[in-house]
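First up is the structure itself, then whatever we jot down about it.
Predicted, not measured: the structure shown is a model, and the values here were computed from it.
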Amino acid sequence: MDMTVADARVLIAGGSSGMGLALAQRCLADGAHVVIVGRNQERLNRAGKHLGVSSRLEAIVADVTRESDVAGLFARVGELDHIVCTAADIRGAYELLPALDLDAARRAVESKVFGPLLLAKHGVGRLAPSGSITLTSGIAAYRPLPRGTVVAAVNAALEGLVRALAVELAPQRVNAVSPGWVDTPIWAFVAGDRKDEMFDTMARRLPVGRVGRAADIAEAITFLMNSTFTTGTVLHVEGGHRLI
């Protein structure tokens, strides 16, 4: 199997930061045409500067939880080989139940479940028959933290969605990567100023001796995009977290 996405057209929802940005960088380096999608023009501009000027890069503002935005997105981008979603909005969702704000819980569900569902609904008609959809769940579905009820639930729901879509959309492939603790901006909402302390503690516990990097997840997503005999699968990239 040729582990490259050269000349492929890849759309990355959540591509303006973290794992999505790392994937965009890798895909561009491999020769792919990349469309990064995000809700915020300023963050997309920063991502564009980070990635560098390229005729193979396009940035589009769209909110994947809004069906009109998603329909317009796919009307604009044309044919694709791969669709990836790393977007997540968990602001305020990490709370103990007495303090949980239902609007924050809804945002988490919309970003992690409805967003991917809409991307599949409107994107499948633009996707090559040999193409793929890759989503991101997470270790919270298996090792939830206190305050992590909502995030555990939405990640588990997303994995069910992956299996169902793999059956319905065949022969197009649908998979998920389930990251462990990865050093990305989302941790500002999870741990705040305790992030470094929590990462150091976890690194000592993990069999691999470190927390993840965004590039680790980009590598795993690239594998799934290119593995034409893999569908309906959750690829765990968590440094052995489920073993401890």
Discussion item. Checking Q41 against N45: is there a side-chain donor and acceptor pair closer than 3.5 Å?
Written reply: yes

Fill in: Side-chain (N40) to main-chain (E42) donor-acceptor, under 3.5 angstrom
yes

Worksheet item: Does the side chain of E67 pick up a donor-acceptor pair with the side chain of H122 at under 3.5 Å?
Response: yes

Worksheet, complete the sentence: To the nearest 0.5 Å, atom CD1 of I12 lies from atom CE of M19 at 12.0 Å

Practice prompt. Can you label the angle between the W187 ring and the W181 ring as parallel, tilted or perpendicular, going by 30° and 60°?
Written response: tilted

Item to complete: Report, as yes or no, whether the 6.0 Å neighbourhood of atom CZ on R143 holds more than 12 heavy atoms from other residues, nucleotides or ligands.
Response: yes

Worksheet item: So, do L51 and I36 sit near enough that their side-chain heavy atoms are less than 4.5 Å apart?
Response: yes

Worksheet item: Linking I/L/V/M/F/W/Y whenever any side-chain heavy atoms sit under 4.5 Å apart, do L80 and L135 land together?
Response: yes

Worksheet item: Do Y142 and H236 make the cut of ring centroids closer than 6.0 angstrom?
Response: yes

Item to complete: Give, for atom CD1 of I83 and atom CD1 of I133, the distance between the pair rounded to the nearest 0.5 Å.
Response: 5.0 Å

Worksheet item: Under 4.5 Å between any side-chain heavy atoms of E58 and R76, yes or no?
Response: yes

Discussion item. For a 4.5 angstrom cut-off between non-hydrogen side-chain atoms, does L73 reach L11?
Written reply: yes

Discussion item. Checking V35 against R9 for the side-chain contact (heavy atoms from CB on, under 4.5 Å) test, could you report, in this order, the C-alpha distance in whole Å, the side-chain angles of both residues, the deciding distance, and whether it holds?
Written reply: CA-CA 8 Å; V35 180; R9 287 186 55 82; 4.2 Å; yes

Worksheet, complete the sentence: Between the CZ atom in R163 and the CG atom in L158, the distance rounded to the nearest 0.5 Å is 9.5 Å

Worksheet entry | Whether N175 side chain and V162 backbone form a donor-acceptor pair below 3.5 Å | no

Worksheet entry | Heavy-atom side-chain proximity of F114 to V64 below 4.5 angstrom | no

Discussion item. Treating S111 as the side-chain partner and R107 as the backbone partner, does any N or O pair qualify as donor plus acceptor under 3.5 Å?
Written reply: yes

Discussion item. Quick check: do L21 and H50 have side-chain heavy atoms less than 4.5 Å from each other?
Written reply: yes

Discussion item. Under 4.5 Å between side-chain heavy atoms, counting indirect links through other Ile/Leu/Val/Met/Phe/Trp/Tyr residues: same cluster for V84 and V70 or not?
Written reply: no

Fill in: Residue pair L118, T65: steps toward the side-chain contact (heavy atoms from CB on, under 4.5 Å) verdict
CA-CA 7 Å; L118 289 172; T65 69; 5.6 Å; no

Worksheet item: Are H82 and L23 close enough that some pair of their side-chain heavy atoms sits under 4.5 Å apart?
Response: no

Fill in: For the student: nearest non-hydrogen atoms of A93 and A108, plus distance
CB-CB, 4.2 Å

Practice prompt. Measure the spacing between CD of E197 and NZ of K195 and express it to the nearest 0.5 Å.
Written response: 13.0 Å

Worksheet item: Less than 4.5 Å apart, any side-chain heavy atom of H241 and any of I244?
Response: yes

Item to complete: State yes or no: do V77 and V10 share one hydrophobic cluster built from I, L, V, M, F, W and Y residues joined by side-chain heavy-atom distances below 4.5 Å, directly or via other members?
Response: no

Item to complete: For D69 and D63, indicate whether the former's side chain and the latter's backbone hold a donor-acceptor pair under 3.5 Å.
Response: yes

Worksheet entry | Approximate separation, where rounding is to 0.5 Å, of R194 CZ and T201 OG1 | 8.0 Å

Worksheet item: So, does S178 use its side chain to make a donor-acceptor pair with the main chain of V234 at under 3.5 Å?
Response: no

Worksheet item: About how many Å separate CG of L28 and NE2 of H33, when rounded to the nearest 0.5 Å?
Response: 10.0 Å

Worksheet item: Applying the 4.5 Å side-chain criterion to the ILVMFWY set and letting contacts propagate, would V154 and I90 be lumped into a single cluster?
Response: no

Discussion item. So does S16 get a backbone contact from the side chain of R43, meaning a donor-acceptor N/O pair under 3.5 Å?
Written reply: no

Worksheet item: Is R173 reaching over with its side chain to a backbone N or O of L224, donor-acceptor style, under 3.5 angstrom?
Response: yes

Discussion item. Is there a path of hydrophobic side-chain contacts, each under 4.5 Å between heavy atoms of I/L/V/M/F/W/Y residues, joining M202 to V151?
Written reply: yes

Practice prompt. Decide yes or no on salt bridge (Lys or Arg N to Asp or Glu O under 4.0 Å) for R106 and D89, but give the supporting numbers first.
Written response: CA-CA 10 Å; R106 287 193 180 101; D89 186 349; over 6 Å; no

Worksheet item: Can you find a pair of side-chain heavy atoms, one from V182 and one from R213, that are under 4.5 Å apart?
Response: no

Discussion item. Tell me whether the count of non-hydrogen atoms from other residues, nucleotides or ligands lying under 6.0 Å of CG in D200 goes above 12.
Written reply: yes

